[in-house]
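Because only heavy atoms are used, hydrogens play no part in the values below, and waters and symmetry mates are left out as well, while side chains stay in.
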Amino acid sequence: MVTRIVPWVSGAVYGIVLLAGLYSAVAGLGPANPVRLTGFVAGIGALFVLDAVERRVSRLPVAFLVARLVLFFAVAALDGSGLSRALFVLVPFAAYLTFGRTAGLVLGGLCLAALVGGFAVGVPGWYRDTESVSDVLMFATGLVLALAMADVAVRERRAASRVAELSAAAERNRLARDIHDSLGHHLTAVSIQLEKAAAFAGRDPDVAGQALADARRSVGHALEDVRTSVGTLRGGGRSLTGALRELGVALDVHGEEPGLGPATVTTLYRAAQEAVTNARRHGRADQVRVSVTFGAGTRLVVTDNGRGFDTGAAHSGFGLLGLRERAALVGGTVSVDSEPGAGTRVTVTVP
């Protein structure tokens, strides 16, 4: 990806050179020539226009660099004070940003060599002249600073790109958790009800019909949950207590709910939803209870009377892993207590 010259840097240098040239002409520091001064001002103006055009045109970076270099030579030739040589510091700066480190270093060396060559031709014994040596040293210092600034800009751009990639990966993980926790819960309920309807279709049509009605209701809940998630992403909020009531299980609330942020509400709701889904799908529980306590922090406990499992054994699937990842995003912790035949207790605590 091409990284063009930073607008404010070039604009600042152009402005400084323009003011220095005008001051030199007004103060009589250089030869007074209205035509040259007019050309000098026009050249600086052309540089501003060139930068504006380059910001709108993403192609032909070499052509813009060459055009800028030509204008630099023209401005320097029209500036009787000799202060316009500072413009050439922008050449390696722009090359570094546009074409990379090697191009910037090579052009920086060529600019310095051109300055030294100009002094060698035009100023005999320049290396013994304090002012000339000082000019060369100041120009070299400017080149070093320009290349350092370009390096920092490139590194920051790469870091920003890396952050964007990590953010995209985190967003993909979050979406995966949402799909698993939300739709997985409802689809499990639909699957159970449809199995029940199929099992009772020939024996008890009323039970089968009720199972189908329950399945349709679960589908409606799934759609509503999707709408709620979209509303949360758009900035809408809901209370944790209200969200937990939608799970359709026994709910105990202790304390008064504070103003929890959307991320915390979503985390606790998804944790409860995942625990309820696991209790029904894997634990075959017929009794599930959710308890939430508000205080210095918020503590959510989901218990069931299912068949339980050995917490020390390795378990595949994304449920508990996703639950712990989600809780960690808001500084929370998750603990799971269970053993075969004794049900399961899931506790989520957030500060």
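In this structure, L71 and L50 have side chains that are in contact, with non-hydrogen atoms separated by less than 4.5 Å. Side-chain contact between D51 and F64: absent, with no pair of heavy atoms (C-beta onward) separated by less than 4.5 Å. Between R101 and L147, every side-chain heavy-atom pair lies at or beyond the 4.5 Å cut-off. Taking the side chain as every heavy atom from C-beta outward, V350 and L260 never approach each other to under 4.5 Å. F40 places a side-chain heavy atom less than 4.5 Å from the side chain of V17. V249 is not listed as a side-chain neighbour of R289, based on a closest heavy-atom distance of 4.5 Å or more. Here the side chains of V41 and L22 are in contact, with some heavy-atom distance below 4.5 Å.
Although no hydrogens or angles enter the test, the distance criterion places no donor-acceptor pair under 3.5 Å between the side chain of S24 and the main chain of A20. No side-chain donor-acceptor contact under 3.5 Å links T298 to the backbone of F294. Using a distance-only test at 3.5 Å, with no hydrogens or angles considered, a donor-acceptor pair links the side chain of E257 to the main chain of T241. Distance alone, capped at 3.5 Å, places no donor-acceptor pair between the D214 side chain and the Q193 backbone. In this structure, the side chain of T98 engages the main chain of A94 through a donor-acceptor pair within 3.5 Å.
Among F139, F93, F73, the single residue meeting the ring pair (Phe, Tyr, Trp, His ring centres under 6.0 Å) criterion with F88 is F73. Among T130, D129, D135, L137, the one residue that satisfies the side-chain contact (heavy atoms from CB on, under 4.5 Å) test with V133 is L137.
For N305 against Q287, the heavy-atom pair with the smallest separation is OD1-N, 3.0 Å. In terms of heavy-atom proximity, P92 sits nearest to G104 at CB-O, 3.2 Å. R36 approaches A77 most closely through the heavy-atom pair NH2-O, 2.9 Å. Between R280 and L247, the closest heavy-atom pair is NH2-O, 4.0 Å. L143 and G108 make their closest contact through CD1-O, 3.4 Å (heavy atoms, listed as atom of the first residue, atom of the second, distance). For A153 against L97, the heavy-atom pair with the smallest separation is CB-CD2, 3.8 Å.
In this structure, CZ in R217 is found 11.5 Å from CG in L212, a value given to the nearest 0.5 Å. For the atom pair D151 CG and L105 CG, the distance stands at 9.0 Å (nearest 0.5 Å). Note that the CD1 atom of I16 and the OG atom of S84 stand 12.0 Å from one another [nearest 0.5 Å]. Distance check: L90 CG to L69 CG gives 11.0 Å after rounding to the nearest 0.5 Å. Rounded to the nearest 0.5 Å, atoms CD1 (I44) and CZ (F72) are 8.5 Å apart.
Ion pair D79/R85 not flagged as a salt bridge, since none of the NZ, NE, NH1 or NH2 atoms sits closer than 4.0 Å to an Asp/Glu carboxylate oxygen.
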Please walk me through it: do L107 and L65 pass side chain to side chain contact (heavy atoms under 4.5 Å, CB included)?
-> CA-CA 11 Å; L107 284 180; L65 183 60; 4.1 Å; yes
Given side chain to side chain contact (heavy atoms under 4.5 Å, CB included), test T347 with T333 step by step and report yes or no.
-> CA-CA 8 Å; T347 303; T333 59; over 6 Å; no
Please test L268 against L244 for side chain to side chain contact (heavy atoms under 4.5 Å, CB included), starting from the C-alpha separation and ending with a verdict.
-> CA-CA 9 Å; L268 292 172; L244 293 176; 6.0 Å; no
Passes side chain to side chain contact (heavy atoms under 4.5 Å, CB included), V136 versus L112? Steps please.
-> CA-CA 8 Å; V136 171; L112 182 60; 4.2 Å; yes
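A donor-acceptor contact closer than 3.5 angstrom is absent between the side chains of D206 and Q210.
Cluster annotation: F99 and L110 are assigned to the same hydrophobic cluster (Ile/Leu/Val/Met/Phe/Trp/Tyr, side-chain heavy-atom contacts under 4.5 Å, transitive). Under the 4.5 Å side-chain heavy-atom criterion for ILVMFWY residues, no single connected hydrophobic cluster contains both V13 and V144. Cluster annotation: V301 and L240 are assigned to distinct hydrophobic clusters (Ile/Leu/Val/Met/Phe/Trp/Tyr, side-chain heavy-atom contacts under 4.5 Å, transitive). No chain of hydrophobic side-chain contacts below 4.5 Å, direct or via other Ile, Leu, Val, Met, Phe, Trp or Tyr residues, connects L145 to Y96. Clustering ILVMFWY residues whenever any of their side-chain heavy atoms sit less than 4.5 angstrom apart, transitively, puts L19 in a cluster other than the one holding M138.
Aromatic ring orientation, W126 versus F119: parallel (interplanar angle below 30°, classes split at 30° and 60°).
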